[in-house]
Amino acid sequence: MKEMVIEAKVENLQQVLDFVDGELERLECPMKVQMQVDIAVEEIFVNIANYAYKPGQGPATIRAEVIEEPLRIELTFIDHGVPYDPLAKEDPDVTLSAEERQIGGLGIFMVKKSMDDMTYEYKDGHNILRIQKNI
């Protein structure tokens with residue numbers, strides 16, 4: 001398992017993507033899968049940066065773990081900001097037009113649909129969001 005701790009600021013997104021992509025490239029991950037993971041990482045990290053610590057700032061921990069059988073990557077995002085379970089929100093009704101839909105929730109919906117597993121827990125004052133993607 002590899003881990004990085006970084007200030008949860010949108011400006012640090014590229015460093016987070018570089019960290020994750022380094023692990024995916026080491027696994028010779030197909031480009032389509034890497035793009036799906038990158039979109040998920042961007043959505044999750046930007047949400048932490050924009051909402052977890054408002055009005056202040058704080059750290060985010062990103063862990064990358066390779067799991068065998070089947071080969072997959074598990075990414076864990078940890079912050080100690082405001083408790084928030086993105087999985088508790090009802091999925092948007094994508095059959096409605098953009099004008100009819102409520103604002104928000106589409107990004108996390110896309111993450112849920114593109115990842116093979118996604119879990120959330122609030123433990124010891126920390127938001128812990130895990131995503132898994134088969135390679």
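If you read the sequence from its start, that first residue is 1, and numbering goes on from there. In what follows, every heavy atom counts, from backbone to side chain, and hydrogens, waters and symmetry copies are set aside.
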Can you tell me how far apart [atom1] ([X]) and [atom2] ([Y]) are? Round to the nearest 0.5 Å.
X: D38; Y: D18; atom1: CG; atom2: CG; answer: 9.5 Å
X: I48; Y: N12; atom1: CD1; atom2: CG; answer: 12.0 Å
X: L87; Y: M118; atom1: CG; atom2: CE; answer: 5.0 Å
X: I39; Y: M115; atom1: CD1; atom2: CE; answer: 8.5 Å
X: K112; Y: E43; atom1: NZ; atom2: CD; answer: 12.0 Å
X: D85; Y: I108; atom1: CG; atom2: CD1; answer: 10.0 Å

Next on the checklist: Among residues at least two apart in sequence or on other chains, which ones pass side chain to side chain donor-acceptor pair (under 3.5 Å) with E23?
Outcome noted: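 With sequence neighbours excluded, E23 shows a side chain to side chain donor-acceptor pair (under 3.5 Å) to K2, R26, given in chain and number order.
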Next on the checklist: For E11, give me all partners under side-chain contact (heavy atoms from CB on, under 4.5 Å), at least two apart in sequence or on another chain.
Outcome noted: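 side-chain contact (heavy atoms from CB on, under 4.5 Å) check on E11 returns K9.
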Item to check | Evaluation steps, side-chain contact (heavy atoms from CB on, under 4.5 Å), between L24 and I73 | outcome: CA-CA 8 Å; L24 293 172; I73 189 159; 3.9 Å; yes
Item to check | Crowding at NZ, K123 (>12 non-hydrogen neighbours, <6.0 Å) | outcome: no
Item to check | More than 12 heavy atoms of other groups within 6.0 Å of Y122 OH | outcome: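 More than 12 within 6.0 Å, yes.
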Would you say [X] and [Y] are hydrophobically clustered, going by side-chain heavy atoms of ILVMFWY under 4.5 Å?
X: V46; Y: I44; result: yes
X: M4; Y: V37; result: yes
X: L27; Y: V33; result: yes

Looking at every heavy atom in both [X] and [Y], which two are closest together, and how far apart are they?
X: A60; Y: F45; result: CB-CE1, 4.0 Å
X: A40; Y: V111; result: CA-CG2, 3.7 Å
X: Y53; Y: A8; result: CE1-CB, 4.2 Å

Item to check | side-chain hydrogen bond (donor to acceptor under 3.5 Å, both in side chains) pairs, two or more places apart, involving residues 58-71 | outcome: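 Checked against side-chain hydrogen bond (donor to acceptor under 3.5 Å, both in side chains) - neighbours excluded - the pairs reaching residues 58-71 are E3-R63.
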Next on the checklist: Is any side-chain heavy atom of P59 closer than 4.5 Å to one of H80?
Outcome noted: yes
Next on the checklist: I'd like to check V16 versus I6 (side-chain heavy atoms, cut-off strictly below 4.5 Å). Are they in contact?
Outcome noted: yes
Next on the checklist: Set out, in order, the CA-CA distance, both residues' side-chain angles and the distance that settles side-chain contact (heavy atoms from CB on, under 4.5 Å) for Q14 and L17, then state yes or no.
Outcome noted: CA-CA 5 Å; Q14 190 57 55; L17 289 170; 4.1 Å; yes
Checklist entry - For F19, what residues pass the ring pair (Phe, Tyr, Trp, His ring centres under 6.0 Å) criterion, not counting sequence neighbours? => result none
Show me the side-chain donor-acceptor pairs of residues 127-135 shorter than 3.5 Å, one per line, residues at least two apart or across chains.
| from | atom 1 | to | atom 2 | distance (Å) |
| --- | --- | --- | --- | --- |
| N127 | OD1 | Y84 | N | 3.0 |
| N127 | OD1 | Y120 | OH | 2.4 |
| N127 | ND2 | D79 | OD1 | 2.8 |
| N127 | ND2 | V82 | O | 2.9 |
| R130 | NH1 | E121 | OE2 | 3.2 |
| Q132 | OE1 | R72 | NE | 2.9 |
| Q132 | NE2 | E74 | OE2 | 2.6 |
| K133 | NZ | Q36 | OE1 | 3.1 |
| K133 | NZ | S114 | O | 2.8 |

Checklist entry - By the rule that ILVMFWY residues connect when side-chain heavy atoms come within less than 4.5 angstrom, directly or transitively, which residues belong alongside M35? => result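 M31, which link up through side-chain heavy atoms under 4.5 Å apart, make up the rest of the cluster.
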